[in-house]
Protein chains: 2
Amino acid sequence: MPNPDIDLQRLDVHSRSERKAVSHRALLHAALTLVGEGRSFTSISLREIARQAGMVPNAFYRHFASPENLGLELVEEMGITLRRLLREARQVDPSKGDILRRSVQVYQQYVKANRLVFLFISSERSGGSRVLRVAIRRDVTHFTNEMAQDFRDLGLYKELPTARLQMVCGLIVMTMLAAAIDILDLPADQPLLEHEMTENFVRQLQLILLGAGQWREKPSRGDLPA
Amino acid sequence: MPNPDIDLQRLDVHSRSERKAVSHRALLHAALTLVGEGRSFTSISLREIARQAGMVPNAFYRHFASPENLGLELVEEMGITLRRLLREARQVDPSKGDILRRSVQVYQQYVKANRLVFLFISSERSGGSRVLRVAIRRDVTHFTNEMAQDFRDLGLYKELPTARLQMVCGLIVMTMLAAAIDILDLPADQPLLEHEMTENFVRQLQLILLGAGQWREKPSRGDLPA
DNA sequence: TGTACATCAGTGAACGCGCGTTCACTGATGTAC
DNA sequence: TGTACATCAGTGAACGCGCGTTCACTGATGTAC
């Protein structure tokens with residue numbers, strides 16, 4: 001029997017596979033919605049997800065062997081989301097100056113627009129199931145490497161060996177993900193706080209890029225200047 | 001009736017308050033043990049904790065109103081652990097050179113020695129309960145500020161305004177916590193991997209400190225060097 | 001084209017289980033006299 | 001010092017509940033002829 005919560009007629013979805021795809025997406029969306037309500041993915045039950053999607057609990061098994069498998073598909077969605085972010089970031093016109101600040105703005109908008117996905121990343125990246133953690137880390141590493149390649153393509157930091165450039169991008173990505181939590185936690189009614197946060201974010205990245213620009217393969221081993 | 005799993009006689013614990021303190025610690029330790037088995041704190045049940053501590057479930061309530069309250073005490077323990085870390089780090093002799101690398105080694109040893117606490121921090125810092133998240137973040141900020149003060153006391157980065165120095169320490173702490181996960185996830189039988197990780201960690205911090213050393217309050221707004 | 005059968009997404013009922021929480025209790029420790 | 005009573009950490013049994021998973025099913029969609 002079709003799911004009454006989703007008007008399949010109206011969607012012109014008649015074939016079995018189309019209906020199944022709709023339900024499949026409904027389950028993924030239901031899980032993200034619950035994450036958006038402040039729950040950590042790992043603590044959400046199969047029954048809750050099915051309920052949120054307007055299905056009977058056991059119907060879940062027609063789509064996923066377990067909630068963890070659903071989580072792995074969410075990680076895939078995250079991978080796509082990060083890839084789209086890079087594509088958007090490449091649109092930032094480098095000739096207009098202040099690239100960094102404008103890139104940060106693009107990122108902030110992007111995080112807000114993909115709130116649920118970034119909430120999912122933040123909470124499952126270190127907490128929760130080992131399998132998910134590993135999958136997320138793999139995708140984040142991918143993202144880091146692509147960013148490094150973009151730097152190369154733009155002719156930035158030509159003097160850095162690849163391993164060092166990847167390390168720099170690793171720091172940048174780490175900073176970005178930390179900032180994502182701040183962006184998502186911001187109370188909506190405090191523009192001043194948001195501006196402060198943005199400035200801090202920009203300065204953190206400036207400092208990293210400054211360090212990268214100064215980097216020599218064997219820097220003086222004194223490490224800490226006086 | 002005394003808990004048979006803990007030999008109170010042998011511990012010379014006879015007074016009611018002493019016995020209670022022992023049980024209290026047993027519950028905290030039980031929770032950390034379960035975290036050490038790969039579980040995320042938020043997903044551990046009251047009954048599991050009591051069972052691990054060798055108690056009947058409802059005895060839990062004699063010590064904590066809820067598992068979340070137990071978690072808050074673990075956060076306090078974490079705060080103490082971080083403070084001890086700073087104290088140990090101050091022992092690193094600055095006259096002997098290569099301070100950074102030696103500090104990193106101190107940190108690695110410390111993370112390994114306090115494995116469970118760092119596992120707890122890592123998994124609950126962004127996942128799980130909002131209350132715990134906020135408490136952990138507050139303590140981490142505290143730690144960051146103390147580190148900034150230590151830099152001041154050592155006369156390092158005199159030219160940096162306080163807000164900038166705190167930002168630098170924020171980056172350092174972020175990098176440290178990210179490294180903690182890597183340290184804890186390391187397979188014990190791969191010294192090469194460990195060495196690689198250490199080197200990467202050292203280089204990340206070198207880059208941050210290099211950037212901090214170069215920092216001028218209004219750096220050129222071009223941001224990205226060509 | 002129509003008919004007969006196969007497929008399979010979703011249903012509804014049921015199961016056993018671990019959960020958080022309650023209750024009245026026990027018996028060792030603590031206290032007042 | 002001994003005695004009588006209070007305190008309270010931990011017990012044991014019980015509760016109602018939501019959980020994951022199973023089963024036989026339904027009825028619309030798909031397919032073969």
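Just so we're clear, the structure is a prediction, and the values are computed from it rather than from any experiment. First the proteins, then the strands, lettered A, B, ... as listed; each starts at 1. Values below: every heavy atom of this structure, side chains too, minus hydrogens, waters and symmetry copies.
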Nucleotide [N], atom [atom2] - distance to [atom1] of [X] in whole Å:
X	N	atom1	atom2	result
A:I49	D:dG20	CD1	C1'	12 Å
B:E48	D:dC19	CD	C1'	14 Å
B:Y61	C:dT22	OH	P	6 Å
A:E68	D:dT21	CD	P	12 Å
B:H24	D:dA9	NE2	C1'	13 Å
B:R39	C:dG18	CZ	C1'	12 Å
B:R25	D:dA9	CZ	P	15 Å

Could you pick out which residue, B:R47 or A:R47, lies toward the 5' side of DNA chain C when each is mapped onto its nearest nucleotide? A:R47

Take B:I44 and A:R62, find for each the nucleotide of DNA chain C with the closest heavy atom, and name the residue whose nucleotide sits nearer the 5' end.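 So the residue in question is A:R62.
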
So for A:R19 and D:dT29, does any side-chain atom that can act as donor or acceptor lie under 3.5 Å from a complementary atom in the base? no

Does a donor on one side chain sit under 3.5 Å from an acceptor on the other, for [X] and [Y]?
X	Y	value
B:Q166	B:T144	no
B:E196	B:N200	no
A:Q204	A:T175	no
B:H29	B:Q52	no

[X] vs [N]: side-chain N/O to OP1/OP2 distance below 4.0 Å:
X	N	result
A:S66	D:dG20	no
A:R16	D:dG27	no
A:S23	C:dA9	no
A:H63	C:dG10	yes

Qualifying residues under salt bridge (charged side-chain N to carboxylate O under 4.0 Å, His left out), relative to B:R39, sequence neighbours excluded: B:E48

Between B:V56 and A:P57, which has a closest nucleotide on DNA chain D that is more 5'? B:V56

Just do the side-chain hydrogen bond (donor to acceptor under 3.5 Å, both in side chains) check on A:N69 and A:E73 with the steps written out, would you? CA-CA 7 Å; A:N69 281 42; A:E73 276 196 30; over 6 Å; no

Counting only side-chain heavy atoms from C-beta out, which of C:dC19, C:dG30, D:dT21 sits nearest to B:S15? C:dG30

Measuring from the side chain of A:R51 (C-beta onward, heavy atoms only), which nucleotide among D:dT21, D:dC19, C:dT11 has the closest atom?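 It is D:dC19.
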
Spacing of B:N114 atom CG and B:L119 atom CG [to the nearest 0.5 Å]: 11.0 Å

If you look at every strand shown and take non-hydrogen atoms under 4.0 Å, does B:F60 touch a base, only sugar-phosphate, or nothing? nothing

Secondary-structure stems, DNA chain C, at least 3 Watson-Crick or G-U base pairs under 3.5 Å: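 Paired runs of 3+ in DNA chain C: C:2-33 with D:2-33.
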
Please identify which of these residues, B:I181, B:L177, B:V35, meets the side-chain contact (heavy atoms from CB on, under 4.5 Å) condition with B:S122.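 Answer to the side-chain contact (heavy atoms from CB on, under 4.5 Å) test with B:S122 among B:I181, B:L177, B:V35: B:I181.
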
